[in-house]
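Working notes, beginning with the structure itself.
Numbering starts at 1 and runs along the sequence shown. None of the values given here were measured: they were computed from a predicted structure.
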Amino acid sequence: MAWQLIRGEVRGSTSGHGLDELHDGAFESGQARTVQVPAHRAKALARDIWHREWLGLLAIQRGCVQQMMEMAQQFSALRFQGGRVIAGHPAVQIMLADMQAALTDVRIVLAGQALNESGFVDLLRARNRLHEGLALAANVAMQTFGGLGYMRDNGIEKRWRDVNHLRQQSGGALDMQLMSANWAFTRTTATGAHA
């Protein structure tokens, strides 16, 4: 495996669509050189990069859902229907509890992560389930707004798009299943155990 090491710098740029509140510049590459890495080190390096990327993407996705939940709580405390605030309606309380459960699930996984082979495999197995839970929580947050949730003025639809887009970053659901199976296969063949 060959790695390309690039030296460059981050330059300021205008905000883009989506997670623009996190956008602070663009990377411009300068010098580049190719480095050959022994196979065992290359695999460990690839694992470390993927691991950190997935943890970062999950943390960003969790932050988006956290914002959506706060927006849903504020909206439901102000919105009246049938002469009462909708925050007191059992259906809305269940929705808010479902959002909190998804956030807690991800927080527990993120808190228990170790940047090693075991932590990587655990995250590889849990990633799809966590993304599905966060996407469901984002949908529930949109539902608390009713039809108003789809309007750009409220800002929640933008975060809904971000959450669903982050599900596909660095591999979708099928990619993760194939990678998990391949990683498990290469681990068992490397240790001499065959299924």
Side-chain angles (χ1 to χ4, degrees), residues 15-24 47-81 84-116 118-177 179-180:
S15 297
H17 180 73
L19 289 163
D20 52 7
E21 63 271 12
L22 303 176
H23 190 86
D24 60 0
R47 183 198 74 218
D48 189 61
I49 290 170
W50 279 328
H51 199 168
R52 291 172 192 271
E53 182 176 353
W54 295 341
L55 287 173
L57 291 171
L58 262 176
I60 293 169
Q61 194 178 19
R62 184 185 184 278
C64 287
V65 172
Q66 179 69 45
Q67 285 184 339
M68 291 180 80
M69 188 175 104
E70 291 166 5
M71 294 168 79
Q73 287 172 330
Q74 291 171 359
F75 180 80
S76 64
L78 298 173
R79 176 78 177 186
F80 278 82
Q81 187 172 358
R84 64 179 180 153
V85 177
I86 65 169
H89 196 282
V92 173
Q93 291 175 353
I94 290 170
M95 292 167 134
L96 294 171
D98 287 346
M99 285 181 260
Q100 187 60 57
L103 291 170
T104 301
D105 197 14
V106 175
R107 182 179 53 78
I108 290 168
V109 170
L110 290 175
Q113 276 296 301
L115 290 173
N116 56 27
S118 178
F120 176 75
V121 172
D122 290 344
L123 184 60
L124 190 58
R125 291 179 181 145
R127 187 171 182 258
N128 282 342
R129 180 181 57 79
L130 296 172
H131 281 306
E132 288 299 321
L134 289 171
L136 180 62
N139 290 339
V140 168
M142 282 278 283
Q143 288 176 21
T144 60
F145 280 75
L148 295 174
Y150 294 95
M151 297 176 64
R152 285 182 181 255
D153 298 344
N154 294 316
I156 199 161
E157 58 86 29
K158 177 181 166 302
R159 285 165 183 80
W160 179 85
R161 280 186 278 114
D162 290 340
V163 169
N164 283 286
H165 175 71
L166 285 164
R167 289 171 70 187
Q168 305 305 317
Q169 289 289 99
S170 192
L174 181 57
D175 300 319
M176 288 298 100
Q177 291 171 7
M179 187 172 196
S180 180

Under the side-chain contact (heavy atoms from CB on, under 4.5 Å) criterion, do Q74 and L78 qualify, and how do the steps go?
CA-CA 7 Å; Q74 291 171 359; L78 298 173; 5.5 Å; no
Looking at E70, I'd like to know if its CD atom is crowded, meaning that more than 12 non-hydrogen atoms belonging to other residues, nucleotides or ligands lie closer than 6.0 Å.
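Enclosed.
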Does R79, at its CZ atom, have more than 12 non-hydrogen atoms belonging to other residues, nucleotides or ligands within less than 6.0 Å?
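Counting other residues, nucleotides and ligands, CZ of R79 stays at 12 neighbours or fewer.
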Approximate separation, where rounding is to 0.5 Å, of [X] [atom1] and [Y] [atom2]:
{"X": "L123", "Y": "L130", "atom1": "CG", "atom2": "CG", "result": "7.5 Å"}
{"X": "N139", "Y": "T144", "atom1": "CG", "atom2": "OG1", "result": "11.0 Å"}
{"X": "C64", "Y": "H165", "atom1": "SG", "atom2": "NE2", "result": "10.5 Å"}
{"X": "M68", "Y": "I156", "atom1": "CE", "atom2": "CD1", "result": "4.0 Å"}

Nearest heavy-atom pair of [X] and [Y]: which atoms, and what distance?
{"X": "V163", "Y": "A138", "answer": "CG1-CB, 3.9 Å"}
{"X": "A137", "Y": "V65", "answer": "CB-CG1, 3.8 Å"}
{"X": "L134", "Y": "L58", "answer": "CD1-CD2, 4.0 Å"}
{"X": "F145", "Y": "M71", "answer": "CZ-O, 3.7 Å"}
{"X": "M142", "Y": "E157", "answer": "SD-CA, 3.9 Å"}
{"X": "A72", "Y": "A141", "answer": "CB-O, 4.3 Å"}

Sidechain-backbone polar pair: [X] side chain, [Y] backbone, donor-acceptor under 3.5 Å:
{"X": "R62", "Y": "L103", "value": "yes"}
{"X": "R84", "Y": "F80", "value": "no"}
{"X": "D105", "Y": "A101", "value": "no"}

Quick check on side chain to side chain contact (heavy atoms under 4.5 Å, CB included): which of I49, L55, D48 does R52 satisfy it with?
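That would be D48; it is the only one of I49, L55, D48 passing the side chain to side chain contact (heavy atoms under 4.5 Å, CB included) with R52.
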For the residue pair L124 and W50, establish whether any side-chain heavy-atom pair is separated by less than 4.5 Å.
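SC-SC contact between L124 and W50 ruled out.
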Are F120 and L115 close enough that some pair of their side-chain heavy atoms sits under 4.5 Å apart?
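Sidechains of L115 and F120: no contact.
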Solution key, residues 87-100 side-chain donor-acceptor pairs under 3.5 Å, sequence neighbours excluded:
unit_1	atom_1	unit_2	atom_2	d
H89	ND1	A91	N	3.1
Q100	NE2	T104	OG1	3.4

